[in-house]
Structures are given as structure tokens and as C-alpha cells.
Amino acid sequence: MIIYRYIIREQFLPFIYTLSTIVFIFMTQFAVNLLPKILYKGLDISIIIEIFLINMAWMIVQGVPMAVLVSTLMTFGKMSANFEIMAIKASDQNLFYLITPVCSAAMFLTVSLIFFHNLILPDANHRYSSLLRDIARKKPVALIEPNILIRDFEHYAIIVDAVDHRSGILTGIKIFSNEPEKDSYTMVAENGTILLTQNGKYLQLTLFNGETHQIN
């Protein structure tokens, strides 16, 4: 039992360090991709923090197996370098004796991850989707990026030159239609605003100083 505790103790700190490093790398990549889209759009800092905390769920799920692999290699590599494995073999102990505590810890992590997958991860993903929908309802302009053609609307594509996320005003709006069995047209406006309708089903785009170009 002493050697069991020794192996688990030697593996615990590398596991924590590796998991923290992996989560930090995932978090940094997530921040690089997400922060430019949400940081300057008038969102409350608590919402941004909640987004990061919610997304830590999938980071932990992916990081635990890698952390187990690295910590196991580090632990037994250190024991081999210190000739501890040779000493255990010299004491007429089977090598499976060394694997027993690692397998026990692996079974504990497996059961924990099963519960994590079934109870926590789905709720976190659902909460993240709900949070994005709430942002879209309250600040639909937050999901529009300037100079990027948006094709999320059926039969329509929209592109804007600039977005004021504080006031919600769009500048340099161009809308391209592609409805089947209808003549295509292009709408151009100097500026406009976008709001969600009261029933929450449609986006209402109000254009100012614009015109429509249509070819029969």
C-alpha cells in the first residue's frame, strides 16, 4: 500500500499541471477566436466571464485523457530513471503490481467523466447555446461582423461596412436577394438598424437613405 500511495502521489501533481496547461492552451485559443467578436460589442463583463466558464466543460473533457497520458509517462519515466522499477523487480514483485494503482485511478476518472458527460457537459453546451440566443435577442447587432458576407438568412446575404455596437447602427449596408423564381435585386443603404421582433421570430432591418436595384 505504501508504494501505491507513492505512485498516486507522484502522478497527481503532473496530472494537475498538465491539465491546467492544456486548459490554458484551449482557453487562449478560444479567447483569440472569440474575444474580437464579443469584447467590443457592449456586452456585460459578467456575460463574457460566463461564456468562458461554460466552455471550460469541453476543455476539461478533452484535457483529462491527455493529462493522464502525460502524467503516467512522467511518473514511470522518473521511476525508471531513479532505478525504482529495477528495485521493485529485484524484490520479486510483478510489474502488474505497479499498474494496479494507476488502473484504479483510471477507473475512478472514467466513472467521473461518465457522470461529467451525462450531467454537466450537456447542460453547459445548452447554456452556451441559450446564452448566444439571448445575446442575439437583446443585441442582434452583436452577431454582425463588418466586411463579412453573412449568409445565415434564407435567400438573402448581407454585408456592412461598419457596425456601431454601442448604438446598434449599421453603416454601408448591402443586401443581396436570391429567391427562387423571382428576379434578384440588390438593396443599398447608407445606414440602418436591426432589431428582433416582439415575437422573437424575425429580425427587422430598418434602412435609411437607400435604394433598390433590380434587373428584370
Side-chain angles (χ1 to χ4, degrees), residues 22-63 117 120-216:
I22 293 172
V23 171
F24 176 76
I25 293 173
F26 283 145
M27 189 70 71
T28 303
Q29 183 181 9
F30 182 75
V32 169
N33 295 330
L34 186 66
L35 277 183
K37 299 179 181 179
I38 65 175
L39 188 59
Y40 302 106
K41 297 187 177 181
L43 298 179
D44 192 82
I45 187 65
S46 61
I47 297 178
I48 299 177
I49 294 175
E50 185 177 0
I51 290 175
F52 277 92
L53 293 178
I54 290 173
N55 281 274
M56 283 187 65
W58 66 263
M59 300 178 189
I60 293 175
V61 167
Q62 296 190 21
H117 275 83
I120 299 178
L121 185 60
D123 290 340
N125 293 335
H126 180 265
R127 175 57 184 163
Y128 180 60
S129 300
S130 300
L131 198 59
L132 292 183
R133 286 196 299 268
D134 292 340
I135 294 174
R137 290 192 188 97
K138 296 178 181 179
K139 293 182 69 70
V141 71
L143 303 179
I144 296 180
E145 293 295 323
N147 299 316
I148 294 179
L149 187 63
I150 301 173
R151 300 179 180 270
D152 297 337
F153 309 106
E154 187 176 4
H155 307 314
Y156 291 94
I158 180 174
I159 186 171
V160 300
D161 294 337
V163 180
D164 189 339
H165 296 286
R166 297 289 182 181
S167 61
I169 297 178
L170 309 176
T171 305
I173 304 171
K174 300 179 184 68
I175 302 174
F176 309 95
S177 74
N178 187 23
E179 297 183 73
E181 301 180 357
K182 289 186 178 182
D183 294 333
S184 299
Y185 62 88
T186 301
M187 301 180 65
V188 181
E190 291 184 6
N191 49 61
T193 59
I194 186 170
L195 297 172
L196 194 71
T197 57
Q198 292 184 353
N199 57 14
K201 294 182 179 181
Y202 304 100
L203 285 175
Q204 178 178 313
L205 185 62
T206 305
L207 304 179
F208 303 98
N209 298 327
E211 56 187 22
T212 301
H213 302 269
Q214 185 174 13
I215 298 178
N216 192 326

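Note that these values count all heavy atoms, side chains included, but never hydrogens, waters or copies made by symmetry.
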Between atom [atom1] of [X] and atom [atom2] of [Y], what is the distance when rounded to the nearest 0.5 Å?
X    : Y    : atom1 : atom2 : answer
D161 : E190 : CG    : CD    : 11.5 Å
I150 : I148 : CD1   : CD1   : 7.5 Å
H155 : N178 : NE2   : CG    : 8.0 Å
L53  : Y128 : CG    : OH    : 13.0 Å
R127 : E50  : CZ    : CD    : 4.0 Å

Where [X] and [Y] come nearest, the two heavy atoms and their spacing:
X    : Y    : value
G192 : I173 : N-CD1, 3.5 Å
L205 : I194 : CD1-CB, 3.9 Å
S184 : Q214 : O-CG, 3.6 Å

- Item | Test side chain to side chain contact (heavy atoms under 4.5 Å, CB included) applied to I175 and T186, step by step | CA-CA 6 Å; I175 302 174; T186 301; over 6 Å; no
Residues 22-29 side chain polar contacts: donor-acceptor under 3.5 Å, at least two apart:
{"from": "T28", "atom 1": "OG1", "to": "F24", "atom 2": "O", "distance (Å)": "2.7"}

- Donor-acceptor contact present, side-chain S177 to main-chain Y185, <3.5 Å: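 The answer is yes, because a donor-acceptor pair under 3.5 Å joins these two groups.
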- Query: Is the gap between the ring centers of F30 and F52 under 6.0 Å?
  - Reply: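 Under 6.0 Å, so yes.
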Side chains of residues 54-62: which donor-acceptor partners sit under 3.5 Å, not counting sequence neighbours?
{"from": "N55", "atom 1": "OD1", "to": "W58", "atom 2": "NE1", "distance (Å)": "3.1"}
{"from": "N55", "atom 1": "ND2", "to": "I51", "atom 2": "O", "distance (Å)": "2.7"}
{"from": "W58", "atom 1": "NE1", "to": "N55", "atom 2": "O", "distance (Å)": "3.0"}

